Amino acid sequence: MNSKELIVNTLSNVVPDDIAKEQIEKLIEKPKSSDLGDYAFPTFILAKSLHKAPNMIAKDLVAEINQDGFEKIVNTGAYVNFFLDKGEFSNDILHTVLKEQADYGDQNQGKGGNVPIDMSSPNIAKPMSMGHLRSTVIGNSIAKIISKLGYSPIKINHLGDWGTQFGKLIVGYKKWGSEAEVEEDPINNLLKYYVRFHKEAEEKPELDDEARAWFKKMEDGDKDALALWTWFRKLSLSEFQKVYDRLGVEFDSYNGEAFYNDKMDDVIKTIQEKGLLEESRGAEIVDLSAQDLSPALIRKTDGATLYITRDLAAAIYRKNTYNFVKSLYVVGSEQSEHFKKLKAVLKMMGYDWSDDIHHIEFGLITTNGKKLSTRKGRVILLENVLNDAVDLAKKQIEEKNPGLENKDQVAEDVGVGAVIFHDLKNERRDNFDFNLEEVVRFEGETGPYVQYTNARALSILRKVGDVDYASADSMSLSDPEAWDTIKLIQEFPEIVSRAGEKYEPSVIAKYSLKLAKSFNQYYAHSKILTEDDGLNARLALVKSVSIVLQMSLNLLGVNAPEEM
RNA sequence: GUCGCAGUGGCUCAGCUGGAUAGAGCAACGGUCUUCUAAACCGUAGGUCAUGAGUUCGAAUCUCAUCUGCGGCACCA
């Protein structure tokens, strides 16, 4: 019986019969402050039926209640406050964590079901920006979280490797570029052509016609055009790979837009067969006015397909290939309309599984309050941000721990970790204005703070050497200084499932900060390494904290250096 | 115009399905390293939770309206 069940049972013996156990369980809450106990039962709802003031009810309940198994049960105002037996509780939880280790918190609500996650999806020949970072790290973290909940995530990098921008790129390259230049620094030089193209096209609209012509050649299978496309794609991909390596992200599929080129005719045919395709203003659409949405443009006036056509093909392909239980798209919230349409069209096509598609939207990153724009050259290069962060981390190490052995690796872990953590710390939907100083901050509520806490815990464990605390019979720890930390460790499984249900890595990030803070407080106020009866239990606590902190960081995709 | 998202101390944000005096972190000020890593810890100061109604025993949390900001709104993705 867990502690909550114990409380429900205890209460149900003294509360009027018309209040069901489930109802009691729903009413039980956690007080804001530990001084008020570990759980509380508000008595307001009993006031009417008992014709008594809530304060009196709480007092009477406490007088009647059986206190066995608790440290104490008292009333404060209208609340009945429960204080758990610290020794027993800590003994249970610490044993569990030390036994299960990295499996602690594992759950099986997913039952192995496949969950494709559309994430990252940078555009070929453009640098990865902070926006792509968001999609990448959020998707990666969600993959790890749902994997712990028993799902099988499939990480798909839906590369932007097709479209009219390649026509522009080819024009730009032919006019202003050279092979040597591109080989030397592919992304930046390709970007240079792209930005210049847009600048010059403002004056010379005929450039746009040229670009369209080149893209048409690509679609028609022209050898020269496709050779250039293949080359750009290959160079870009290997540049992207460098960033993914640093972020520790791997993909199960790189099927991007081009992959669906030969799969769209079938989709359009099906839409037509179901009688959904209409002509409007020279284009072919699916009318969605019944769903209060603007029409889905399936084919342009010139016969070319569009974004949604491709996404329909992709959605169907993924259902056929993976037979998913859910299909996730980690894409900015400015596209929420698009996903509503996508789901609506699928539904109209008779695919009920469209309900299993979820748009995991996130807020956009701005600079000085303005949206980033590749075309205007207003980008924040992810690589620069990572480099700056790592440099700063290196500097900190030189200052604070100059004797550290693998400084460069640790600087990489800390710098990159700070950037990832910063991105995941807040709710996904929040917009944020990019501020380098804030992103690479190492103090306070940051990734490095959590990493540092873990490193200190590990340092203690290194110091004790061969004390066999892990197999000790008793890990009973009634030290009030340690109590908040113990309770937080116990909460971890609940936190993981909440993060999974909401597709919200910030739940994990916030939790890791709370646990780190709580442990740092304990650390600052208690001497852990003293020879007394409590040593085993304290070491078990330190070990448990480090296990859970490392797991939390891991779920976020952040490394946890042993020393820093 | 319309739809969506948001509005909490100087700044950045927590606040779970409504509940006990609204919490953190930065920044400011003041303390704590001969003792387990001071990337830490402790303290002080700072908020009529955008505004106005409503529901409720009880609202930052739910409903409606208003204001402000951001984003989307047919041939980009």
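Lettering follows sequence order; numbering is per chain, from 1. Atom set for the values below is all heavy atoms of this structure, side chains included, hydrogens, waters and symmetry mates excluded. Note that the structure is a prediction, hence the values are computed from the model and not measured.
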_Once you measure the plane-to-plane angle for Tyr511(A) and Phe492(A), does it fall in the parallel (<30°), tilted (30-60°) or perpendicular (>60°) bin?_
tilted
*Pair partner, rU21(B) [Watson-Crick or wobble, under 3.5 Å]*: none
*Please work out if Thr309(A) contacts a base, only the sugar-phosphate, or nothing of the nucleic acid, heavy-atom cut-off 4.0 Å.*
nothing
*Base-pairing mate for rC26(B) - Watson-Crick or G-U, with both contacts under 3.5 Å*: rG10(B)
_Check the phosphate of rC42(B) against Gln521(A), side-chain N and O only, distance under 4.0 Å to OP1 or OP2. Yes or no?_
yes
_Under 6.0 Å from the ring centre and within 45 degrees of the ring axis: does the NZ or CZ of Lys168(A) meet both conditions for the six-membered ring of Phe197(A)?_
no
*Can you check whether any acceptor in the base of rA20(B) is under 3.5 Å from a donor in the side chain of Asn81(A), or vice versa?*
yes
*Please measure how far the C1' atom in rG9(B) lies from the corresponding atom in rG52(B), and state the result in whole Å.*
23 Å
*Nearest-angstrom distance, C1' atom, rG30(B) to rC5(B)*: 42 Å
*Classify the nucleic acid contact of Leu513(A) as base, sugar-phosphate or nothing, counting any heavy atom under 4.0 Å across all strands shown.*
nothing
*Separation between the C1' atoms of rG7(B) and rC13(B), rounded to whole Å*: 13 Å
_Over all strands shown, is Glu562(A) touching base, sugar-phosphate only, or nothing at heavy-atom distances under 4.0 angstrom?_
base
*Do the side-chain N or O atoms of Lys400(A) get closer than 4.0 angstrom to the phosphate oxygens (OP1, OP2) of rA40(B)?*
no
*Starting at CG of Asp433(A) and ending at P of rC11(B), how long is that distance when rounded to a whole Å?*
14 Å
*Is the shortest side-chain N/O distance from Ser333(A) to OP1 or OP2 of rC5(B) below 4.0 Å?*
no
*Determine the interatomic distance between C1' on rC26(B) and the same-named atom on rU63(B); round to the nearest Å.*
36 Å
*Phe421(A) side chain reached by Tyr449(A) side chain, heavy atoms, under 4.5 Å*: no
*Please work out which of the three classes, parallel, tilted or perpendicular, describes the rings of Tyr317(A) and Phe259(A), given edges at 30° and 60°.*
perpendicular
*Complementary nucleotide of rG71(B), counting Watson-Crick and G-U pairs under 3.5 Å*: rC3(B)
*asked:* What's the closest nucleotide to the side chain of Val414(A) if the choices are rA39(B), rA74(B), rA14(B)?
replied: rA39(B)
*What does Arg281(A) touch in the nucleic acid at a heavy-atom separation under 4.0 angstrom: a base, only the sugar-phosphate, or nothing?*
base
_Does Ala455(A) reach a base, just sugar-phosphate, or nothing at all? Heavy atoms under 4.0 Å._
base
*Lys32(A) NZ - rA24(B) P separation (whole Å)*: 12 Å
*rA39(B) and rA22(B): how far apart are their C1' atoms, nearest whole angstrom?*
29 Å
*Describe the nucleic acid contact of Glu257(A) in one word from base, sugar-phosphate, nothing, applying a heavy-atom distance below 4.0 Å.*
sugar-phosphate
*Any side-chain N or O of Arg441(A) less than 4.0 Å from the OP1 or OP2 oxygen of rU12(B)?*
no
*Between rA77(B), rU35(B), rA20(B), which nucleotide gets closest to the side-chain atoms of Tyr307(A)?*
rA77(B)
*asked:* Please determine whether a side-chain nitrogen or oxygen atom of Lys517(A) lies at a distance below 4.0 Å from atom OP1 or OP2 of rA40(B).
replied: no
*Take atom C1' in rU56(B) and the same atom in rA77(B), then report the distance between them in whole Å.*
47 Å
*Less than 3.5 Å between a donor and an acceptor, one on the side chain of Ser280(A) and one on the base of rA74(B), is that the case here?*
yes
_With a 6.0 Å cut-off (strictly less than), is the heavy-atom count around CG of Asp532(A), excluding the residue itself, greater than 12?_
yes
_Under 3.5 Å side-chain donor-acceptor pair for Ser333(A) and Arg428(A)_ = no
*On RNA chain B, check which nucleotide each of Tyr39(A) and Tyr452(A) is closest to and give me the residue with the more 5' one.*
Tyr39(A)
*Applying a 3.5 Å limit to both distances, which nucleotide forms a Watson-Crick or G-U wobble pair with rG47(B)?*
none
*Round to a whole Å and report the spacing from OH of Tyr503(A) to C1' of rC16(B).*
18 Å
*Once you apply the 3.5 Å cut-off to both distances, tell me the Watson-Crick or G-U wobble partner of rC64(B), or none.*
rG52(B)
_If the cut-off is 4.0 Å, is Tyr449(A) near the phosphate of rC41(B), judged by side-chain N/O to OP1 or OP2?_
yes
*Would you mind pulling out the nucleotide paired to rU34(B), Watson-Crick or G-U wobble, both distances under 3.5 Å?*
none
*Any idea how Tyr194(A) and His198(A) line up, ring-wise: parallel (<30°), tilted (30 to 60°), or perpendicular (>60°)?*
perpendicular
_Base, sugar-phosphate or nothing for Ala457(A)? Non-hydrogen atoms, less than 4.0 Å._
nothing
